[in-house]
There are 2 protein chains.
Amino acid sequence: MKEYIAILKNTKLFAGVGENEIEAMLSCLGATSETYQKGEYVFRAGEHINQLTVLVEGELHIQRDDYWGNRCIVSRIAVGEMFGEAYASPDSGALLNDVVAVRSSVVMFFDIHRILSVCPSACRFHSLAVKNIFYAISEKNRKLVAKLGHISQRTTREKLLSYLSDEAKKQNSSIFQIPFNRQQLADFLSVDRSAMSNELCKMRDEGLIEFEKNMFKLFSHCD
Amino acid sequence: MKEYIAILKNTKLFAGVGENEIEAMLSCLGATSETYQKGEYVFRAGEHINQLTVLVEGELHIQRDDYWGNRCIVSRIAVGEMFGEAYASPDSGALLNDVVAVRSSVVMFFDIHRILSVCPSACRFHSLAVKNIFYAISEKNRKLVAKLGHISQRTTREKLLSYLSDEAKKQNSSIFQIPFNRQQLADFLSVDRSAMSNELCKMRDEGLIEFEKNMFKLFSHCD
DNA sequence: CCTCTTTTGTTGCAAAAACAACAGACTTGT
DNA sequence: ACAAGTCTGTTGTTTTTGCAACAAAAGAGG
């Protein structure tokens, strides 16, 4: 587990905590770790969890398949990100989505109650950790709202433009990579892949965008 | 401001805190209050805020109008609920949505930094408040994910069924009221009102549901 | 009680999306 | 290098949506 301390140091959860201090916290917080192969489930919709979870290697998707097999990718978890924290509250119900490894991944689990319940003065980092968790979940909240902004657009084109311009803004460049292939992007925006592919090509023909694989370029006259 | 202490007592933020203790906390947390008439904006998209906010009277909508005038109601704030807490982090950007009074409302503002930054031992309720905020934001997170589940359905009918069955489950009855009129429901599900109205009536004709104004009844053969 | 406004349901039409099926390009593993 | 599998774009058909316009019903206010 110690091999991941360098990674944990750069996570939102441990922001402001030194490496040697993290090592001390690991046992204090009851940390464990687990490895998942591509396609394996970390959690499944319907489960009840009471752990705080951090991805230290690989990539995860928070997603859900409905009766008809339509997949919806709610969000993507990159190395250093937390997940499941919204279900750490005592009265949170069952998990609404699956958590799946997109590729070989390593996950660390922390006992949320130890973080929240232990007297804050017992370990000087408890209060820092709580604040960090608050910031992290706030950020996730804003991400969800942003995504809601994308998929509440009426047409596929509007959804794409909303997502792509947001991504360009985040990466601070009109040329940028997206972390999805076409099927995943369609699942993320909850539209049909072929219709989306069609729309992308139309937009390219109209000179709005250019793309090659996961690399996109936006032209300024996109409104 | 003291007239709202009885209400604050039942909010998520002050869960577990007695009335007399709340009064002491109000000044400790730098609380202020403000009244808004129907249609007035509490916050506007683009603003930067650093306050925690609680609705103590009335009703608010978190919403956004796009270039074409399509409105999207992201969520609804009822008395006792917090809002804006996701933008209390130091590096949170501008507000993505407007916050509007649906009817005459009273809002209380708390300085988030006083809650998070003050030494937890200074006031025995700081750590409780932090935990409460964490739980509240977690719940909002789950709400957002649930809403995402509704609007990521492909057809209007699926969106309606997803929303209505969720509402029935929450209210624990197949007969229930929804907190929206038709236009608001359409804005919430981001679909066209007339198309939605059409679909509702078709579903009624098919014996899936019954409704009158805001009262809905779901029949069990809804899958 | 009447008028004005808001809300809800209804219809027809044009635009868009979902779906299915397929072909070519690209990967991967052997 | 070859075969199997995956990813992406393309096309045609069917279904659904968005939009506009209107009518009936319900509410608000004088």
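Throughout, protein chains are lettered first and strands after them, A, B, ... in sequence-line order, and every chain is numbered starting at 1.
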*Give a yes or no on whether the backbone of A/Q177 and the side-chain of A/Q171 come within a donor-acceptor separation of less than 3.5 Å.*
yes
*Round to the nearest Å and state the distance from A/F211 atom CZ to D/dC7 atom P.*
17 Å
*Distance below 4.0 Å between A/R154 side-chain N/O and C/dA16 OP1 or OP2*: no
*Between A/S194 and A/R157, name the one whose nearest nucleotide on DNA chain C is closer to the 5' end.*
A/R157
*Would you kindly give the CG-to-C1' distance between B/N198 and D/dT15, to the nearest whole Å?*
14 Å
*Rounded to whole angstroms, how far apart are CE on B/M196 and C1' on C/dT7?*
11 Å
*Which parts of nucleotides 22-30 of chain C does protein reach within less than 4.0 Å, heavy atoms only, written one letter per nucleotide 5' to 3' as B for base, S for sugar-phosphate only and - for none?*
---------
_Please report the distance, rounded to the nearest Å, between CG in A/L160 and P in C/dA16._
14 Å
*Are B/E81 and B/R76 close enough for a salt bridge, meaning some N to O gap below 4.0 Å?*
no
*Choose from D/dT10, D/dT8, C/dA18 the nucleotide whose nearest atom is closest to any side-chain atom of A/N214.*
D/dT8
*asked:* Please check if the number of heavy atoms outside B/E212 that lie under 6.0 Å from its CD is greater than 12.
replied: no
*Nucleotide of C/dA20, C/dA18, D/dT8 approaching A/A195 most closely (side-chain heavy atoms)*: C/dA18
*Are OP1 or OP2 of D/dT16 and a side-chain N or O of B/T155 less than 4.0 angstrom apart?*
no
*Ignoring hydrogens and angles, state whether a donor on the side chain of B/S89 or B/D91 is under 3.5 Å from an acceptor on the partner side chain.*
no
_Options D/dG18, C/dT8, D/dT8, nucleotide nearest the side-chain atoms of A/N181_ = D/dT8
*Shortest non-hydrogen separation from B/S105 to B/L55 and the atoms involved*: CB-CD1, 3.9 Å
*Check the distance between D/dT16's P and B/M203's CE and give it to me in whole angstrom.*
13 Å
*Give the nucleotide from the list C/dC19, D/dT8, C/dG9 with an atom nearest to the side chain of A/D192.*
C/dC19
*Given D/dT17, is OP1 or OP2 found less than 4.0 Å from the side-chain N or O atoms of B/T156?*
yes
*CD of A/E199 versus C1' of D/dG9: gap in Å, rounded?*
14 Å
*Do side-chain atoms of A/N181 reach the backbone of A/Q183 as a donor and acceptor pair under 3.5 angstrom?*
yes
*asked:* Just the rounded figure in Å: distance from P of D/dG9 to CD of A/Q183.
replied: 12 Å
*May I ask you to decide whether B/R204 forms a salt bridge with B/E210, counting only side-chain N to carboxylate O separations under 4.0 Å?*
no
*Quick one: B/E212 CD to C/dG9 C1', roughly how many Å, whole number?*
14 Å
